[in-house]
Amino acid sequence: MTILRRFDRIQWLPFIGCLLVLMAATLAIGSMAWQLQRQQHADVGRLPRSVEQQARLLNLAYVDVLRAKIELNEVVRQHVGQQQPASEAELWRTTALVKDARIAFDAFSRNAALEGESESVQSLVQPFHELLKVGFDQQILNLSRGMFSALDAGQQQIAQLESAFGDRVEHWFAQRGRQALAASSVTAAPFDYSLYVSVAVLLLLILLIGHRVQQDVYAPLACLGESSRLPITRPDDLPGKSYPQPLGY
């Protein structure tokens, strides 16, 4: 009865209430954080429409530049040994690709300007125009006029300018990726911190309840078990008292 009275004196209702509330809060925060992470991963894979359009146009311009370089290399390879100027028909694919690259890049620049992101484009404008004017246009002019002594230098210059422009393009895409990931992590940080705090408080409350149970329930029960193993003295075994002997003794 003493153990039961001590058990009744324990204020279990506040502990159990806090435990249930914290469990519910932890589950709710965890569910919200999970939903937010899924939404953010989807948003990272699906960038805003303006950024997605800019990335598509810049990638299109860069791909056209690479294709124009391949076509121009083929024309140069054919005419180095022939020592004859290249015709307009032989250069039309390179010229068309260079024109397409310029159109795509101009559209990219206009789109960025409309979104108020002209600063992010400035690092790309000069390398791109140098690549087209100083690189491709000059090399096409060398081929059409038969200036074969300048072809090697022109090819080297195109390679250097294309490498510089490619580095700028990679930097632009990397910067966009970092911005998207940073926005995602900043938005999810409060939910992550709340979840960590809730789990820590929940574990602390469970440890506190376990300590109270150990102190107020298990310890008295252990003492009762120890006392129950002591030998029990019967009233008949009390000293100084005579007992009738059984028949036959």
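Scope of the values below: all heavy atoms of this structure, side chains included, with no hydrogens, waters or symmetry mates. Remember, it's a predicted structure, so these values are computed and weren't measured experimentally.
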Checklist entry - Yes or no on side chain to side chain contact (heavy atoms under 4.5 Å, CB included) for L97 and L72, after CA distance, side-chain angles and deciding distance? => result CA-CA 10 Å; L97 288 171; L72 188 61; over 6 Å; no
Next on the checklist: Strictly distance-based, threshold 3.5 Å: is any side-chain N or O of S144 a donor or acceptor partner for the main-chain N or O of L141?
Outcome noted: yes
Checklist entry - Are V63 and I158 in one and the same hydrophobic cluster, where Ile, Leu, Val, Met, Phe, Trp and Tyr link if side-chain heavy atoms are under 4.5 Å apart? => result no
Checklist entry - Any idea which heavy atoms bring L124 and F105 closest together, and the distance? => result O-CZ, 3.6 Å
Next on the checklist: Test side chain to side chain contact (heavy atoms under 4.5 Å, CB included) on D137 and V98; report intermediate values, then the result.
Outcome noted: CA-CA 9 Å; D137 291 348; V98 170; 4.3 Å; yes
Checklist entry - So how far is it from W92 CH2 to S87 OG, rounded to the nearest 0.5 Å? => result 12.0 Å
Checklist outcome for this item: dist Q53:CD -> R56:CZ (nearest 0.5 Å) comes out at 5.5 Å
Checklist entry - Around Q126, counting heavy atoms of other residues, nucleotides and ligands shown, do more than 12 lie under 6.0 Å from its CD? => result no
Next on the checklist: Which heavy atom of E130 sits nearest to which heavy atom of L161, and what is that distance?
Outcome noted: O-CD1, 3.4 Å
Checklist entry - Honestly curious: do I70 and V65 fall in one hydrophobic cluster under the side-chain, below-4.5 Å linking rule? => result no
Checklist entry - Does the ring centre of W172 sit less than 6.0 Å away from the ring centre of Y62? => result no
Checklist entry - For R67, does the CZ atom sit with more than 12 other heavy atoms under 6.0 Å from it, leaving out its own atoms? => result no
Next on the checklist: Does N59 form a side chain to side chain contact (heavy atoms under 4.5 Å, CB included) with F173? I'd like the steps, not just the answer.
Outcome noted: CA-CA 10 Å; N59 184 71; F173 278 103; 4.3 Å; yes
Checklist entry - Would a hydrophobic clustering, with Ile, Leu, Val, Met, Phe, Trp and Tyr connected at side-chain separations under 4.5 Å, put V125 with V134? => result yes
Checklist entry - Between CD of Q155 and CG of N73, what distance do you get to the nearest 0.5 Å? => result 4.5 Å
Checklist entry - Would L66 end up clustered with F128 when hydrophobic side chains under 4.5 Å apart are linked, directly or stepwise? => result yes
Next on the checklist: Quick check against the 3.5 Å criterion: does N142 have a side-chain atom that pairs as donor or acceptor with the backbone of Q138?
Outcome noted: yes
Checklist entry - Are V121 and L60 grouped together when hydrophobic residues (ILVMFWY) are joined by side-chain heavy atoms under 4.5 angstrom apart? => result no
Checklist outcome for this item: Residues E90 and P85: closest non-hydrogen pair is OE1-O, 4.5 Å
Checklist entry - Between K69 and D64, is there a salt bridge with N-O shorter than 4.0 Å? => result no
Next on the checklist: Is it true that D152 and Q156 share a donor-acceptor pair across their side chains at a distance under 3.5 Å?
Outcome noted: no
Checklist entry - Looking at L131 and E162, what are the two nearest heavy atoms and their distance? => result CD1-N, 3.6 Å
Next on the checklist: Once rounded to the nearest 0.5 Å, what's the spacing between atom CD of E74 and atom NE2 of H79?
Outcome noted: 10.0 Å
Checklist entry - Does atom CD of Q122 have more than 12 heavy-atom neighbours from other groups under 6.0 Å away? => result yes
Checklist entry - Distance from Q84 atom CD to L143 atom CG, nearest 0.5 Å? => result 12.5 Å
